[in-house]
Amino acid sequence: MAVSPESFPPRKRRPSANCFVAPNLSDRNLLKSLLLLSSEISTLQPLLFLLKRNTSSIIRKSKLLSVLFEEILGRDFTYSNDSNTSRGGHVTGIPPSAVLCFDELYIVLQRMKTLLEDCRNCSKMWLLMQIDVFCNVFHELTLELSTLLDILPSKKLKLNDDVQELLILITKQCSEKLAYVDPKDRDLRSQVVEMLDSIEREIVPDQCKLAEIFEKLTLRDSTSCRDEIELLEEEIQSQTDEKAKSDIIALIGFVRYAKCVLYGGSTPRTNSRRLRAAAAVADVNVPADFRCPISLDLMRDPVVVSTGQTYDRSSITLWFESGHTTCPKTGQTLTHTDLIPNSALKNLIAMWCREQKMPFESTEMNVKSNGFVTNKTALEATRMTVSFLVNKLKASQVVESANRLVHELRVLAKTDSDSRVCIAEAAALPLMVKLLGSEHPSLQVNAVTTILNLSILEANKTRIMETDGVLNGVIEVLRSGATWEAKGNAAATIFSLSGVPAYKKRLARKTRVVKGLMDLAREGPTNSKRDALVAILNLAGDREAVGKLIEGGVVEMVAEIMDGLPEEAVTILEVVVKKGGLVAVAAAYPLIKKLAIVLSDGTDRARESAAATLVNMCRKGGSEMVAELAGVQGIERVIWEIMGMGTGRGRRKAATLLRVLRRWAAGLNAEVASGAFSDVNMNTSTRIVLPGEEVEVDLGEEDLEET
C-alpha cells in the first residue's frame, strides 16, 4: 500500500547531508532497520507531475535493495551477544567491511527518503524552477549507492545466485554518468519563465497557455493554488539568498494572478486548528507580560524595539507601516526600526501554552513578503490581479460571486504595501461602500476587513477618510454590523485611522463612533471587546477626545468591564484621568474601591496602572479622594507589597501613593489638596514605618509626571 503525502509533514528547513548519521545498532538490528527503511521507500508512489523518472528510479532501487536485506537476514548466521564488541549483537559470518557498507547504506537511504519527502511536500512551482538542482541531487545519491554496492563484499556474504544477479542489476542501473532531466519538465519551466518575463513587460498572459501550465502542475482549483502560495511563502523562510527570495515573491504573484483568473475568487476556508487555538486563548487568563501592548493578544513572535519594549512582530510591523516612528507604549522616538527577537520570552510563552494545553503557533513562518525587495514581475502581477478582481467586482450581480472577489481583495490587502497601493489606486474603495451595508454577513465582514487592511498604509488613511461614504459605512458597521467579527474589524479600522492626530480629533467628535465603541466594549465577545478598547485607548490620547469619551460614558463602561478585563480597563482609566482633568476625576470617584481591588489582586501591569490612576486622582481630587482610598481595609499593606515586588514604575507610583496616605493620616489634608507633596525633593530617602517594622524606601525621582 502506498504511503500518503500526509505521512510526511513538511519541514521548515531542509537538512544538509551532514545531518544524517548511522544508528549505533547491533549488526542484526541494523539489517532490520535497512530492510524497514528500504521497504518504506518502496511503498511510496512516484511523482506524477515532475521528476517522474527520477522518483520512480529511486523507489525501484529501494525495492530491489529490500530483497537483498531480506536475503541476508534470512541466512543461517550465528549471532553473538559479545559485550566486548562496540556494537553488541555481532553477526558471525558478516565481515566488518560489509557492516561499514551497511552503515553508509543506511545514511544514503535516509537521504533518499528525505529527498522524496521534499519533492512531495515543497512548492510545485519552486520545484519546477529548481528542477536541475533536484535532478543533480538524485544523481549524486545514485552514484553514492553505486559506489557502496561496488565495494560491498558480496562473495563473502555468500549470497545465492538470484540475489547476486539482483545486486549486479542495481549496480548497472546506478551507472548513469549524467543527471537526467526530463525534456518535458525543462520545456514546462521555459514556458513559466517566458510568462514571467511577459508579466514584467506588462503583457497580460494568454489564459489558455496559463491553464495548460497549471494543469500540468496539477494546480487545478482555487484550493490547490492557495496551498501552493502558502508553500512558496514557507520556502522564502528556507532561503538565505536575496535573489532567490525575490524570485519566489514573483512566483507568489504569478500563482495568485492565475488563481483568480482561472478559478475565480475564493471564500475563506475553515482552519479548525486556528479556531481551536483562538478559542483556547479566549478562555484562559493570559499573563500580562505575554500580551502584546498594541493588540492585547497573546504574542506569537515577540520582538524588542530600540526603547527596550516588547511587542508582537505582526503588530509592531503594522505600526511601522502606518508611518509611525515612535514606541507605542512610551511615546519615545525610536533610534531605529530594527526588530530583535525576544527568544527568551517566546520560549516562556511556548512553555506556558504547553502547560495550558493550548497550541502555540509561531507567526515566524507566516510572515509574508514584507521586508523583502519586491521585483517588477511581482508588482506587475499584483496590478494585473487587482485590475482583474476590481473589474469583475464592478460587473458582479451575484452576492456569492461578489463575496469571493472581495475576499481575494481582503487577502491581497493583507500581504504587503504594494498590494495596498494597487488596490487603492484601482478605485476599490468606492466599491466597498455599498458592500458595507450588505445583508450578507460574510460579504460585510470581507468588505470592512479589506478597508481595515488597506488602512495600514498611511496614504490610504487619507483616501478612506476622504472617499465619500467609506467612513460612514465603517461607522454603521461598528454600530449595527451583522456579526461581532464585522463590528470588531470596524473598531480596528477606527483604531488604525486614529493613528493620524487630525483624524483622531475628527473621529472623537463623532458621537456615533464613541457610542459604537462603548457598546461594543460592553456587549461584545472578548476579542471584539479588545478591538474596541484598543480604539478607545488610542482616542483617549487626545485631551479634546477625552472630554467626548467622558460624555459618552467611558468611565461607566470601564466600571462594567473591570471585573472581566481589569488590565485593559485600568489602562484606559489611567489615560482618561490623566488627560481629563477634574471632570474625569469626579467621574472616576466611585471606582476607587475597584481600583484598590486591582491593586491587591491584579497583574503587575494592571497594578501599575491602578497605582498611577490613584496618584492622579489623589493629586487632582484632594483630601476627599484620599479619604476614600484610606478607608479601604488593608490598603497600606497592598501598596507596600507593590513597592517591594511591583514593576519599576509601579513601585514609584506606590511609594508616592503611600506618602500621600501618610501625610493625610498625619492631618496634612490641606497640603495634599493643594498638591504641595509634589514639590518635595524625591532624590532623598524617606523612612516609612509599618506595624512591627521600619524600612527605608528610596522613592527615587518625582513620579507625578505624565507618562
Side-chain angles (χ1 to χ4, degrees), residues 285-286 288 291 293-297 329 478 487-488 491-492 494-495 498 504 507-508 511 513-621 625 628-629 632 650 653 657 706-707:
N285 185 20
V286 179
R291 289 191 184 276
I294 298 175
S295 67
L296 302 180
D297 291 329
K329 189 173 181 183
L478 173 65
K487 291 182 177 182
I494 298 297
F495 164 74
S498 65
K504 182 184 297 185
L507 290 166
T511 305
V513 171
V514 174
K515 187 176 187 308
L517 292 174
M518 296 299 170
D519 290 344
L520 183 58
R522 286 188 179 99
E523 302 167 4
T526 302
N527 288 339
S528 299
K529 280 179 185 287
R530 288 199 171 104
D531 288 327
L533 293 173
V534 169
I536 292 169
L537 183 60
N538 213 32
L539 292 177
D542 180 75
R543 290 186 184 278
E544 182 181 337
V546 168
K548 296 292 183 181
L549 291 174
I550 293 173
E551 292 176 10
V554 66
V555 176
E556 292 79 4
M557 179 274 293
V558 165
E560 291 180 31
I561 69 167
M562 191 173 289
D563 292 337
L565 297 170
E567 186 174 323
E568 292 85 345
V570 175
T571 302
I572 290 175
L573 188 62
E574 177 189 355
V575 177
V576 169
V577 168
K578 184 170 65 176
K579 299 278 188 179
L582 290 175
V583 176
V585 173
Y589 176 77
L591 298 183
I592 287 180
K593 291 184 178 179
K594 283 199 170 189
L595 288 171
I597 294 174
V598 175
L599 275 181
S600 174
D601 302 329
T603 64
D604 284 345
R605 194 171 294 171
R607 297 169 88 184
E608 173 189 312
S609 293
T613 303
L614 288 169
V615 166
N616 275 317
M617 291 177 67
C618 291
R619 181 163 65 96
K620 295 176 181 178
M625 295 287 175
E628 181 71 11
L629 179 61
V632 177
K653 293 294 184 182
L657 195 58
E706 292 186 356
T707 57

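Predicted model, so just to flag it, every value in this text is computed and none were measured. Both backbone and side-chain heavy atoms feed into the values below; hydrogens, waters and symmetry mates do not.
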Result block: side-chain N/O donor-acceptor pairs under 3.5 angstrom for residues 591-598, not counting sequence neighbours:
unit_1: Lys594; atom_1: NZ; unit_2: Ala559; atom_2: O; d: 2.8

Of the non-hydrogen atoms in [X] and [Y], which two are nearest, and what is the gap between them?
X: Leu629; Y: Cys618; result: CD2-SG, 4.2 Å
X: Ile561; Y: Ala569; result: CG1-CB, 3.8 Å
X: Val534; Y: Ile294; result: CG2-O, 3.5 Å
X: Val570; Y: Ala606; result: CG1-O, 3.8 Å
X: Pro293; Y: Arg605; result: CG-NH1, 4.2 Å
X: Ala491; Y: Leu520; result: CB-CD2, 3.8 Å

Nearest 0.5 angstrom please: [X] [atom1] to [Y] [atom2], how far?
X: Ile572; Y: Leu549; atom1: CD1; atom2: CG; answer: 9.0 Å
X: Glu574; Y: Glu608; atom1: CD; atom2: CD; answer: 7.0 Å
X: Leu478; Y: Lys487; atom1: CG; atom2: NZ; answer: 8.0 Å
X: Leu517; Y: Leu507; atom1: CG; atom2: CG; answer: 9.0 Å

Please name all residues satisfying salt bridge (charged side-chain N to carboxylate O under 4.0 Å, His left out) with Lys515, sequence neighbours left out, ordered by chain then number. Asp519

Could you work out, with side-chain contact (heavy atoms from CB on, under 4.5 Å) as the rule, every residue matching [X], not counting sequence neighbours?
X: Ala587; result: Val555
X: Val575; result: Leu537, Ala540, Lys579
X: Ala521; result: Ala532, Leu533, Ile536, Met557
X: Asn538; result: Phe495, Ser498, Lys504

Those residues that, when tested against Ser528, pass side chain to side chain donor-acceptor pair (under 3.5 Å) (two or more places apart): none

Applying side chain to side chain donor-acceptor pair (under 3.5 Å) to Glu560 and not counting sequence neighbours gives Arg522

Please evaluate residues Val558 and Met562 with respect to the criterion side-chain contact (heavy atoms from CB on, under 4.5 Å), reporting the C-alpha separation (whole Å), side-chain torsions for both, the decisive distance (0.1 Å), and the verdict. CA-CA 6 Å; Val558 165; Met562 191 173 289; 3.6 Å; yes

Pairs in or reaching into residues 562-573: which pass side-chain hydrogen bond (donor to acceptor under 3.5 Å, both in side chains), with residues at least two apart or in two chains? Arg530-Glu568, Glu567-Thr603

Intermediate values then yes/no, side-chain contact (heavy atoms from CB on, under 4.5 Å), Leu599 and Leu614: CA-CA 10 Å; Leu599 275 181; Leu614 288 169; 3.4 Å; yes

